[in-house]
Engineer: 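Got a structure for you, questions after.
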Amino acid sequence: MILPGEEEAVLRVSGLSFRKRELEHFECAKGTTQLVSHDVAFRCHLFDTLALLSRPGAGSLLLGARPLQRPDLALLGQSPSLPQALTATEFLIESNLACATNERDARATLMAFGLREKCDTALGSMSPLASKAVVLVATLASKRPVKVLHEPLSGLAPEVVPYVKDALLSMRHGICIVITENALPLAQVAHRTVHLLSVAPPRMVAVVIVADEIEKLTAHLEERKLVYEVRGNTVRIRSGKLSEDLPVLQRCILAAGILVHSLSIEQGAV
Amino acid sequence: MISTAGYLSLRLQRTRRSILALWLLLIGVGLSFLAFRYQNVGTTHALTGLVNFLYAPLAVLVLFGVWGQTVQDEVKGLLALGRAEKDVALTFVASNVTASAAAAVVMTETVLLASRSSSDPSLLSDMVVSLGVSALVGASYGAYFSLFALLLRNTRVSLLLAFGLLWTISSVPGMGLLFPHVHAVSLLGGTQAVGFHDVVTERASSLWLCGAALLFSTLSFWRITRARSFRV
């Protein structure tokens, strides 16, 4: 599936947009890219687009020099449905993800993820946690070059999580894993391997101060043209770009000479 | 690589209780009992009762017997294995329609044999006619419930909806024509069909039953192959 010379940049995504949120460009050469957003609809849209379930309004998805196609993909949806009569071993053999060709391979793969006890259990009689683990194993063990995982750790058996992290770290060259998440449960994986792409929504910085000093702060905020709202003793400042707005806010607080009880970033802070 | 039909047979083999066979047996015994009770009023009444009260539940039981109680999840599971959508859809529709028609035929012939009286016409001609009619009605009910089983993730709710529609709309004067059982009663010569033949001929009823089976099967096929929710 991997074309010669594709090892440098496996997946190129550019120009995707949905509901005013944009994913301008990212490249995934090898390893893991996490797309983080607090917006559920946006995450689902991202997954559908990357999984080629819906056509992007604009932009492109390229694998090497050619458009990404369904046979290139191994997908893990949020709550995957399974053929309930098959055992975990049979699922790995029968699945078209090419994760195992015979029973020995399938068992070895499941054991590598700590699922030895589930090898001969029918998928229909497993708990949702265990069955999701089996699908995740099949997806990760697949030889397809692009894997798209939608919130892989949510609803996953906790004992499997360390194995999943190890598997993500040891992925071979040329394999691209895209994870859509609302937080960074796989932060160390992303940090060690590849890109960490945050799709940042507009955020609010909540500053809690003494009620009497609110006017002092708001005067400085208005001067620097920051948009804010006041509720009780909390001032919420809307921020499109935290990296620019936070230093400005810091200067406002220093200039006002007030005591800040707490400062927090709301809505999808990563 | 296991085929869709192969998976289905594997599923039937691995069902802890052979639901389908068990239910068919129970229904068969029950029907025979009912049929004997009706014996003094003749075969027609027994068959009418069968059509009115048992074909639809029978089709649902067949559906559950073949696919289990989470029909939509089973179909999605097959698609998750990477089987072609058309292949899965075709197997789904064909298995339901065929199994439902076969169950209806078996039940009808059982009732026919059990409830015969001396005043009835020859057994052979009765059996041949009722075989065709029951196969058609079973097929159309099978297709009707197949479509509803695919509508919602919770199959039971879906099928309750189907039953609700069936009984409420059927009770509206004239609207019953849309559903199979009026046509079946008419074709079997039931008392409810008095005056019905003036409006709808037997040929039209047969054609309608064929058309309904085809229409609902096509819609089920379309639902599996086109709906986005089945693809992940």
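First the proteins, then the strands, lettered A, B, ... as listed; each starts at 1.
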Engineer: Rounded to the nearest 0.5 Å, how far does NZ of B/Lys76 lie from CD of A/Gln84?
Structural biologist: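 Between A/Gln84 CD and B/Lys76 NZ, I get 11.5 Å after rounding to 0.5 Å.
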Engineer: So for A/Leu86, is it side chain, backbone, both, or neither that comes closer than 4.5 Å to the heavy atoms of chain B?
Structural biologist: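 A/Leu86 touches chain B through backbone and side-chain heavy atoms alike.
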Engineer: Look up atom CG in B/Leu81 and atom OG in A/Ser95, then write down how far apart they are to the nearest 0.5 Å.
Structural biologist: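 It comes to 6.0 Å.
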Engineer: Drop me the distance from B/Gln72's CD to A/Ser81's OG, to the nearest 0.5 angstrom.
Structural biologist: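 These two atoms lie 7.5 Å from each other.
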Engineer: Which pairs of donor and acceptor atoms, one on a side chain in residues 142-151 of chain B, lie under 3.5 Å apart (sequence neighbours left out)?
Structural biologist:
unit_1	atom_1	unit_2	atom_2	d
B/Tyr144	OH	B/Ala162	O	2.9
B/Ser146	OG	B/Asn96	ND2	2.9
B/Ser146	OG	B/Gly142	O	2.6

